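Fair warning: this is a prediction, and the values are worked out from it, not measured in the lab. Note that the numbering runs from 1 along the sequence shown for the chain. Indexing begins at 1, ligand by ligand and atom by atom, following the structure's order.
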Amino acid sequence: MARKFFVGGNWKCNGTTEEVKKIVTILNEAEVPSEDVVEVVVSPPFVFLPKVKGILRPDFQVAAQNCWVRKGGAFTGEVSAEMLVNLCVPWVILGHSERRSLLHESNEFVGDKVAYALSQGLKVIACIGETLEQRESGSTMDVVAAQTKAIADKVTNWANVVLAYEPVWAIGTGKVATPAQAQEVHLELRKWLHDNVSADVAASTRIIYGGSVNGANCKELSAKPDVDGFLVGGASLKPEFIDIIKSAT
Ligand code: PEP
């Protein structure tokens, strides 16, 4: 089953109005493969979402970087899935390692968030990944399987889920996983989906890689058969994001 290449840009907690305009101008002026070949989704901080959505080229989409775990209400500082839907924001990133570690989001909490966001009609980029300590102790697959299971326990329809494998040791460190390391985990994850969810979901779910992807290393990573795209942090704020999008072909 063909899986369309997916490139997400996670702007994290960065940007001013001026900087956001500059990034969007670069994106809007870029020549990139068509929407049939690559799906591009950029994720500005909440406060810039309406602005970016309003000025971004129509073939690119936007994602929020988080949303609340259930219906909105008395949850000061949170943004609900319903609000994102109301603003016509189609995507949300959930379970990013920065939220798992800094804000103590557990596997179960992330699973609940993914299920709730999907139930409201959002599409989800669900992040998983092991720490350096976990990799060195040989538990990478156990960790990512447990993170995926917590999502699979709550989700019945995977059509709107992209799974982002983001080893924590590679995020923002400049230490990218080798193409072989990424392929090994992606293939194992696909097998896990096959054995624990369904053959169809395993074949159709996009598994993208994140962690120090840049214009120089993207081509080799994208050549791996189970790497269906990227979630890009630092480099998504730079012109080289265009080269990463182009690695789809
Ligand atoms: C991320 O935060 O999702 C990420 C992959 O960051 P970076 O590309 O900067 O490592």
Side-chain angles (χ1 to χ4, degrees), residues 5-15 19-20 23 26-27 38-46 48-49 52 60-67 91-105 107 110 113-114 117 123-132 134-135 140 143-144 147-148 151 161-179 181-183 185-186 189 206-222 224 226-248:
F5 204 77
F6 183 101
V7 179
N10 175 11
W11 296 0
K12 310 197 189 195
C13 188
N14 287 299
E19 285 164 351
V20 160
I23 299 167
I26 290 169
L27 295 175
V38 59
E39 187 164 9
V40 180
V41 178
V42 295
S43 188
F46 283 126
F48 298 127
L49 269 170
V52 171
F60 288 7
Q61 303 168 77
V62 291
Q65 296 174 17
N66 178 42
C67 67
W91 286 91
V92 63
I93 297 172
L94 294 173
H96 192 280
S97 71
E98 286 151 15
R99 298 196 63 85
R100 288 179 188 265
S101 64
L102 300 172
L103 296 157
H104 309 291
E105 294 195 1
N107 290 352
V110 172
K113 278 189 169 190
V114 173
K123 300 181 197 183
V124 175
I125 302 163
C127 304
I128 57 171
E130 83 288 0
T131 63
L132 185 59
Q134 290 163 336
R135 173 160 280 264
T140 296
V143 170
V144 296
Q147 291 168 332
T148 309
I151 296 166
V161 179
V162 167
L163 203 53
Y165 169 57
E166 299 205 296
V168 179
W169 49 270
I171 296 182
T173 59
K175 279 191 204 161
V176 65
T178 64
Q181 283 174 321
Q183 170 61 23
V185 178
H186 287 219
L189 281 167
R206 288 170 293 178
I207 305 177
I208 62 174
Y209 168 78
S212 296
V213 175
N214 60 34
N217 60 31
C218 57
K219 202 67 205 171
E220 257 196 298
L221 283 158
S222 70
K224 290 294 177 191
D226 289 289
V227 174
D228 303 318
F230 300 115
L231 184 56
V232 184
S236 71
L237 297 162
K238 300 178 188 164
E240 69 188 292
F241 188 59
I242 305 303
D243 300 319
I244 299 172
I245 297 170
K246 287 182 178 166
S247 74

Residues that Ile23 engages under side chain to side chain contact (heavy atoms under 4.5 Å, CB included), provided they are two or more places apart:
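Scan of Ile23 (side chain to side chain contact (heavy atoms under 4.5 Å, CB included), adjacent residues dropped) gives Trp11, Leu27, Leu237.
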Considering only heavy atoms, which protein residues lie less than 4.0 Å from any atom of ligand 1?
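If the criterion is a heavy atom under 4.0 Å, then ligand 1 touches Asn10, Lys12, His96, Glu166, Ala170, Ile171, Gly172, Gly210, Gly211, Ser212, Leu231, Val232, Gly233, Gly234.
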For a quick test of reading the model, state the closest non-hydrogen atom pair linking Tyr165 to Arg135 and the distance between them.
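Smallest heavy-atom distance, with atoms named: OH-NH2, 3.3 Å.
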So, does Asp228 use its side chain to make a donor-acceptor pair with the main chain of Ile208 at under 3.5 Å?
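No, Asp228 side chain to Ile208 backbone: no donor-acceptor pair under 3.5 Å.
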For Glu220, does the CD atom have more than 12 heavy-atom neighbours from other residues, nucleotides or ligands under 6.0 Å away?
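Open: at most 12 neighbouring heavy atoms sit under 6.0 Å from CD of Glu220.
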Which residues pass the salt bridge (Lys or Arg N to Asp or Glu O under 4.0 Å) test with Asp226, not counting sequence neighbours?
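Salt bridge (Lys or Arg N to Asp or Glu O under 4.0 Å) check on Asp226 returns Arg3, Arg190.
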Sequence-distant partners of Arg100, salt bridge (Lys or Arg N to Asp or Glu O under 4.0 Å), two or more places apart:
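Per chain and number, Arg100 pairs via salt bridge (Lys or Arg N to Asp or Glu O under 4.0 Å) with no residue.
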